[in-house]
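What follows is a set of notes on a single structure, which appears directly below.
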Amino acid sequence: MTNKDLADLIFPNITKTIEDYEKMYPERDLPEGAKVVRFAPSPTGFMHIGNMMSAVINYVLAKKSGGVFFVRNEDTDQARTVEGAVDFIHKTLKHYGIYPDEYEYEGKIVGNYGPYIQSERMEIYHTFVKHLLEIGKAYPCFMSKEEVDEIRENQLTAKKRIGIYGRFARFRNLPIEEAMERIKNGEKYVIRFKSDGDFDKKFVFEEQNKGKMEFPLNDLDFPIMKSEDLLPTYHFAHLVDDHLMRTTHVVRGEEWISSVPIHYELFQTFGFKMPKYIHNSLILKKDGDTIRKISKRKDPEALMFYYTEKGYPASAVIESVMTIANSNYEEWRTGHPDAPFYEFDFSPKKMSSSGALFDLDKLDNISKNIISKMSKDELFVELTNWASEYDKEFCELLNRDIEYTKRILNIEREQKKPRKDYACYSDVKSKIWYMFDELWNKESKGYEFQTIADLSEVRNIVKTYFDKYYVENDDKDTWFSKVKELAKEFGYAPEVKEYKENPENYKGHVGDVSTVLRIAITREAMTPDLYELMRILGRDRMLKRIEQI
Ligand code: GLU
């Protein structure tokens, strides 16, 4: 009996060879320097900020170099697959404008290097596993899961290196006849790689961010094919897929760096060129006085749902991610305020190796800036798109009189220094609710006039203002001079400066009076420009509102 007999017993239906696949998926015909990259999430959870960082970096690398960006669904862990995770990945990428050149979704394959779903690539993996069996570089291992767990426990207690290597690799040298016999008897097995490595020897590996690194050679007989579903493990699928899909750069999470020796040995065994590797920085967050890894369980902002639910503009999220991905991004952005983010020349060397600090306050600032620069029409579209999903009642109000809504949104907008008060679309309602009578009727309770305590004085000031001073068509200067006159009439300084010089001569200043007017018609002490608000509300509605004081 030979290795070939064993391989044929395990894979009787595999007739293609590696050469066949090399021909089916030839080297890509791309210009010099073009990068072929992939975003390869596992649908074992919903897309998170770390995935987003990988996706964005991949996209920039491909775009900037005239290369290819593809999405691969790494669904080999079928037991842990989460319903809806794949949909969410594709929807999220679309929402952020990160369009893959090649992908497979909803039954459609786009690209010549697919299938792009690992569970559909079984025959390809089996061809590669079969080859390893034939050349004696893989073997069936009949250890039960319990046995492997026990070895691990013992290694832990004895403070030994974890894994199946050396004498722990019990089935490595099992005679072929016996292996075949066991398989024929229906015994369960996994296929393990048969490592040649010597753990005491080192090799040098050039990681794109961290530079030259030294690793011990791999000596683990790691599983390459699982017993339950005959699907490959991550390591083996990585080798097969990234080779056949002609990936030039692998961008992946920091947690994979310790697997480099395994991947190195696999690529060496097949004689394939290894792609270049960029291991992402860990994403960190500030938690009180400490800085820790962002957590999917503890931090809502770790999952991408957070940003769509809150209604952050897609570009704000991308800007924040780029800002932490590369240390010189912000500087580049200052010099190129209007350039698309993918024109940035991303450099793996400029990634933080100690971790990337993701800060929601910073996101808010970036986002406020972006929203402030939108035209009223753009903001209207973005806001109503968001509200149609997350606040239907508000959406109806916004759409009822579109021109009216746009006038509100346009206050202190479309000008040189626009107002920056919305960080996300879910902020908007809490800042302009009083402009909608339905919300006013429900929510205009529990307020105080803050600057003037005496309620009869407040009533008097407000009434006098509308009886005597307010004229609907006054221009802004005239309007303001009238507010000053009103202040004077009630013993408040018309200029703040004057009040500060001689406070004993006045009850307060014009600011106190205008605050009272503001609260009387909006119930808020902080609003955008009062003059504009008054014009939009109109006299009749304001009179009704002041009656309720
Ligand atoms: N499926 C792996 C993960 O989600 C991909 C790692 C890689 O990009 O190679 O962690």
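When reading the values below, keep in mind they use all heavy atoms of this one structure, side chains included, and skip hydrogens, waters and symmetry mates. Keep in mind the model is a prediction, meaning the values are calculated, not measured.
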Salt bridge (charged side-chain N to carboxylate O under 4.0 Å, His left out) contacts in which one or both residues fall within residues 311-339, not counting sequence neighbours: E319-R333, E330-K362
Can a side-chain donor-acceptor contact be found between E382 and Y425 if the only test is distance below 3.5 angstrom? yes
In terms of side-chain heavy atoms, does E343 have a donor or acceptor partner in W332 at a distance below 3.5 Å? no
Enumerate the salt bridge (charged side-chain N to carboxylate O under 4.0 Å, His left out) contacts for residues 383-394, please, sequence neighbours excluded, ordered by first and then second residue. D391-K429, E393-K429, E393-K442
T515: side chain to side chain contact (heavy atoms under 4.5 Å, CB included) partners, not counting sequence neighbours: T451, I519
Does a side-chain N-to-carboxylate-O contact under 4.0 Å join E532 and R419? no
Do R523's NZ or CZ and the ring of Y447 fall within the cation-pi criteria of under 6.0 Å and 45°? yes
No-hydrogen, no-angle side-chain donor-acceptor test under 3.5 Å, D75 and T81: no
On the ring face of Y469, is K482 found with NZ or CZ under 6.0 Å from the centre and within 45° of the axis? no
Is the shortest side-chain N to carboxylate O distance from K210 to E254 below 4.0 Å? yes
I need the minimum non-hydrogen distance between P41 and N51, along with the two atoms involved. CB-ND2, 4.5 Å
Below 4.0 angstrom, N of the basic side chain to O of the carboxylate: do D421 and K431 qualify? no
Could you work out, with salt bridge (charged side-chain N to carboxylate O under 4.0 Å, His left out) as the rule, every residue matching E396, not counting sequence neighbours? none
Under a 4.0 Å N-O cut-off, is there an ion pair linking D345 with K64? no
Under the ring-ring contact (aromatic ring centres under 6.0 Å, His included) rule, collect the residues that match up with H90, sequence neighbours excluded. Y105
Minimum-distance pair of heavy atoms, taken over all atoms of S367 and P313: OG-CD, 3.2 Å
Does D529 pair with K476 as a salt bridge, N-O distance under 4.0 Å? yes
Test applied, side-chain contact (heavy atoms from CB on, under 4.5 Å); reference residue, R38; option that passes from V68, V71, D242: D242
Charged N to carboxylate O below 4.0 Å: is that the case for K63 and D101? no
Parallel, tilted or perpendicular, as decided by the 30° and 60° cut-offs, for the rings of H238 and H263: perpendicular
Set of ring-ring contact (aromatic ring centres under 6.0 Å, His included) partners for Y422, sequence neighbours left out: none
Side chains of E207 and H279 only: does a donor on one sit below 3.5 Å from an acceptor on the other? yes
